[in-house]
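So you know, we letter chains A, B, ... as the sequences are listed, proteins then strands, and number each from 1.
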There are 2 protein chains.
Amino acid sequence: MPVPTDPAAVLRTAGLRVTRPRLAVLEAVHARPHVDTDAVIEAVRADIGVVSHQAVYDVLRALTDAGLLRRIQPTGSVARYEARVGDNHHHVVCRSCGAVADVDCAVGEAPCLTASDDSGFVIDEAEVTYWGSCPACTSR
Amino acid sequence: MPVPTDPAAVLRTAGLRVTRPRLAVLEAVHARPHVDTDAVIEAVRADIGVVSHQAVYDVLRALTDAGLLRRIQPTGSVARYEARVGDNHHHVVCRSCGAVADVDCAVGEAPCLTASDDSGFVIDEAEVTYWGSCPACTSR
DNA sequence: TCGTTTTCTTGAACGAGTCAAGAATATCGG
DNA sequence: CCGATATTCTTGACTCGTTCAAGAAAACGA
């Protein structure tokens, strides 16, 4: 019997059909935190051969909609994906090289922040992006 | 003598040349919080006539670099600009219509949040985006 | 295995933003 | 006030990430 984290089982549990592109995308993102779409396409092709870029875009959307992946897109960056979902963590982004790292939620559960004046909006999530310089860029 | 907030004086003080497009862009953004580039172009053309879109892009960048404007770009939205600068306030964005509203900093001064584990990054800003539903969309 | 539905392939298209070269204009020294 | 010089604006092409559309292929329940 398959382990609970078997990719195919994960897809089926989410109500998605199991296809080679989907398995490959899922594994590629699991293996590489904060990958951009291009890198996913490369990884998937290295894994299973010819795949259209459109298929990868479709799969990324399907997996994101199903809650298996999370899409992030810091200002000035292309879309990136990560497999760490459901824990409301945040990100630090390097201003010079664009590197991204995870940052645990600073204050409690999601939404981990409460707006002081919400202008009547019903808020369901607080997304925090920290900006700065990564270790490599800082030491240069 | 001009009042302290005279647009031309503001530009000069920032070390920028005073041109009609710059004055028009500055006023357009002051009058409309969270405008996107297209709306700025429209407003500027309504104000001073023919202006190339490139000029507006250039001006927006120059004013942003000079700290006279702030650029924000919630995921899934085009670039938006606001004249409220230097107070580290944040934004609420409506998931369905994209409306943006200001939110005062929830905790102290900028950076108003401290990452629990910064992965060695030197952090200089914490940007918070609240996601939810605006009053209009909520009541529908 | 068949039929239905979903997914993938192919190839074109889109839109926000950028690049580049030359014309126009702001500012400053005289 | 005027010319010199650096900056800014115009024009028009172009890039890049992403999406659209139509048909071929594949997954999966019966």
Side chain to side chain contact (heavy atoms under 4.5 Å, CB included) partners of B:Ala55, counting only residues at least two apart: B:Val51, B:Ser52

d(CZ, A:Arg17; P, D:dA27) in whole Å: 9 Å

Side-chain donor-acceptor contact under 3.5 Å, B:Asp102 with B:His34: yes

Atom-pair distance (CZ on A:Arg12; P on C:dT7), nearest Å: 14 Å

Lys/Arg-Asp/Glu bridge criterion (N-O < 4.0 Å) met for A:Asp58, A:Arg17: no

For B:Glu82, salt bridge (charged side-chain N to carboxylate O under 4.0 Å, His left out) partners two or more places apart: B:Arg70

Check ion pair A:Glu42-A:Arg32 (N to O, under 4.0 angstrom): no

Interatomic distance where CD1 belongs to B:Ile41 and P belongs to C:dT18 [whole Å]: 12 Å

Rounded interatomic separation in angstrom, taking CZ from B:Arg71 and C1' from C:dG17: 8 Å

Gap between atoms CG and C1', on B:Leu60 and D:dT8 respectively (whole Å): 14 Å

Between C:dT6 (P) and A:Asp65 (CG): distance, integer Å: 15 Å

Rounded distance (Å) that lies between atom C1' of D:dC9 and atom CG of B:Leu63: 14 Å

Gap between atoms CG and C1', on A:Leu16 and C:dT6 respectively (whole Å): 11 Å

A:Phe121 side chain near B:Thr138 side chain, heavy-atom distance below 4.5 Å: no

Contact letters for nucleotides 8-16 of chain C, in which S counts primed atoms plus P, OP1 and OP2 and B counts the base, heavy atoms under 4.0 Å: SBBB----S

